[in-house]
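Report on one structure; see the data block that follows.
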Number of protein chains: 2
Amino acid sequence: MMTRSPILRDHVAAAILDAAAIVLAERGDTASMADVAAAAGVGRTTLYRYFPNRDKLLHALTEAALTELVDRLVAARLESASVPDGIARVTRAVLGAAGKYQALAHTARKADMPPEFADQLGEPLAMLFRRGAADGSLRADLGTETLLGLYTALLEGVLSQGLHHHLGAEPAASALTSIFLDGARPR
Amino acid sequence: MMTRSPILRDHVAAAILDAAAIVLAERGDTASMADVAAAAGVGRTTLYRYFPNRDKLLHALTEAALTELVDRLVAARLESASVPDGIARVTRAVLGAAGKYQALAHTARKADMPPEFADQLGEPLAMLFRRGAADGSLRADLGTETLLGLYTALLEGVLSQGLHHHLGAEPAASALTSIFLDGARPR
DNA sequence: CCGCAACGGTACATCGATGTTCCATGAAGG
DNA sequence: CCTTCATGGAACATCGATGTACCGTTGCGG
């Protein structure tokens, strides 16, 4: 027998998640399961065969998005970069993973983010900023916490505004990094 | 007869809108009319007497929020300020009007923003940034459009992240302005 | 080439939200 | 004091979304 193919099934599931990410990013919570199914080019019942209910789908989506983000973050090897370059890498990583990640900002209003991810995401970033405060490559007058908050706010704003679509991911990333590090005033 | 009092009615309506702004900002589209009514401390039927349906409520809320924002923006007298100071004033204005404005970012996904408001909000800001590009008080290498996009992204991100609640409106505004103008790198 | 299994579609039960109607209550105003 | 009117609650109809069951079709695997 051998149920058709387990790999195919995984790929279909991935395709559904990609579609879900898009439609959720567009329409937010108002997107229905039917919308997701249609966007994925799959029957509604088939969608339910892969994800037995809406919660499971959301959960799988957040997990996929956070995993991708964490992967990109470790691949960025922040330890072996200067602080400014590290920030540039983080920016590229986040904007590159935007596809799936963007949907979560609207829906999963920090509801049930698994705490292990929170650490895996937040710690490297916090470490980077602390290092910057210590070695003088970042301002100290605003406080490391505030600085980090402003940086993530800028990331979230750019994503939610779709700026990386107008400009392309790479130009958007370099513009964002440049503004955050050097400001809008000419040096 | 004299239907009780027309001013009282306006105040109740305003209270409902305030409550709606809060609950919409928290729960987004998933907030029900019943939630809004409860948050406003008013019966569900009474809510429907003031706003005959959900659309009307949302519409009134966006109008109130945008009106407040426009008012603060004209009160800021951007023409008579330097560009950096103008940006500081805009930041304070937006963060000050956050209460109502924040809810719209999640819900009214630039759906039906009345175009007259779009101009009243966008034009002064665009003017300010163009002036900055012309007189050299803002960088020109990223393009005025991009610069403006990054600035509004930063505003939106700070709001959606609630940073102005952790820090207080005024400190948040000055930190935001400082980062945007001067960057995170020490000068 | 044949059968199993996944697929898509239809139909259906259920649930929560929306919007409406009606009525009892209570408080302000004359 | 007594009328009047807004309020809040309950009951109701409706609608869309969720989740489930069934069924005909299709196509890959053996």
For [X], give me all partners under side chain to side chain donor-acceptor pair (under 3.5 Å), at least two apart in sequence or on another chain.
X        : answer
A:Asp135 : A:Ser137
B:Glu63  : none
A:Arg44  : none
A:Ser82  : none

Check: B:Val36 and B:Val42 side chains under 4.5 Å, non-hydrogen atoms:
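SC-SC contact between B:Val42 and B:Val36 ruled out.
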
All pairs passing ring-ring contact (aromatic ring centres under 6.0 Å, His included) where residues 34-56 of chain B contributes a residue, at least two apart
none

Please list all pairs passing the ring-ring contact (aromatic ring centres under 6.0 Å, His included) test where one or both residues lie in residues 120-142 of chain A, with sequence neighbours left out.
A:Phe129-A:Tyr151

To the nearest angstrom, the CG-C1' distance between B:Leu47 and C:dT20 comes to 14 Å

What are the residues of residues 15-24 of chain A, sorted by number, that bring a heavy atom to within less than 4.0 Å of DNA chain C?
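Residues of residues 15-24 of chain A under 4.0 Å from DNA chain C: none.
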
[X] side chain: which of [options] is closest?
X       : options               : result
B:Thr46 : D:dT18, C:dA17, D:dG8 : D:dG8
B:Thr45 : D:dA10, D:dT7, C:dT10 : D:dA10
B:Arg49 : C:dG8, C:dT18, D:dG8  : D:dG8

Applying salt bridge (charged side-chain N to carboxylate O under 4.0 Å, His left out), which residue pairs with at least one partner in residues 115-124 of chain A are found, sequence neighbours left out?
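Listed by first then second residue: A:Glu123-A:Arg130.
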
Strictly by salt bridge (charged side-chain N to carboxylate O under 4.0 Å, His left out), give each pair with a member in residues 67-77 of chain A just once, sequence neighbours left out.
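Every salt bridge (charged side-chain N to carboxylate O under 4.0 Å, His left out) pair that includes a residue of residues 67-77 of chain A, provided the two are not neighbours, is A:Glu68-A:Arg72, A:Glu68-A:Lys100, A:Arg77-A:Glu79.
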
On the nucleotide C:dC7, are OP1 or OP2 found under 4.0 Å from the side-chain N or O atoms that A:Tyr50 carries?
yes

Ignoring hydrogens and angles, write down the donor-acceptor pairs under 3.5 Å from the side chains of residues 167-184 of chain B, residues two or more places apart or on other chains.
unit_1   : atom_1 : unit_2   : atom_2 : d
B:Ser174 : OG     : B:Pro171 : O      : 3.2
B:Thr177 : OG1    : B:Thr91  : OG1    : 3.3
B:Thr177 : OG1    : B:Ala173 : O      : 2.8
B:Ser178 : OG     : A:Arg139 : NH1    : 2.9
B:Ser178 : OG     : A:Arg139 : NH2    : 2.7
B:Asp182 : OD1    : A:Arg185 : NE     : 2.9
B:Asp182 : OD1    : A:Arg185 : NH2    : 3.4

Which pair of heavy atoms, one from B:Ala93 and one from B:Leu69, lies closest together, and at what distance?
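Closest approach of B:Ala93 to B:Leu69: O-CD1, 4.1 Å.
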
Protein-nucleotides 12-15 of chain C N/O pairs under 3.5 Å:
none

In numerical order, the residues of residues 51-58 of chain A whose heavy atoms come under 4.0 Å of DNA chain D are A:Pro52, A:Asn53, A:Arg54

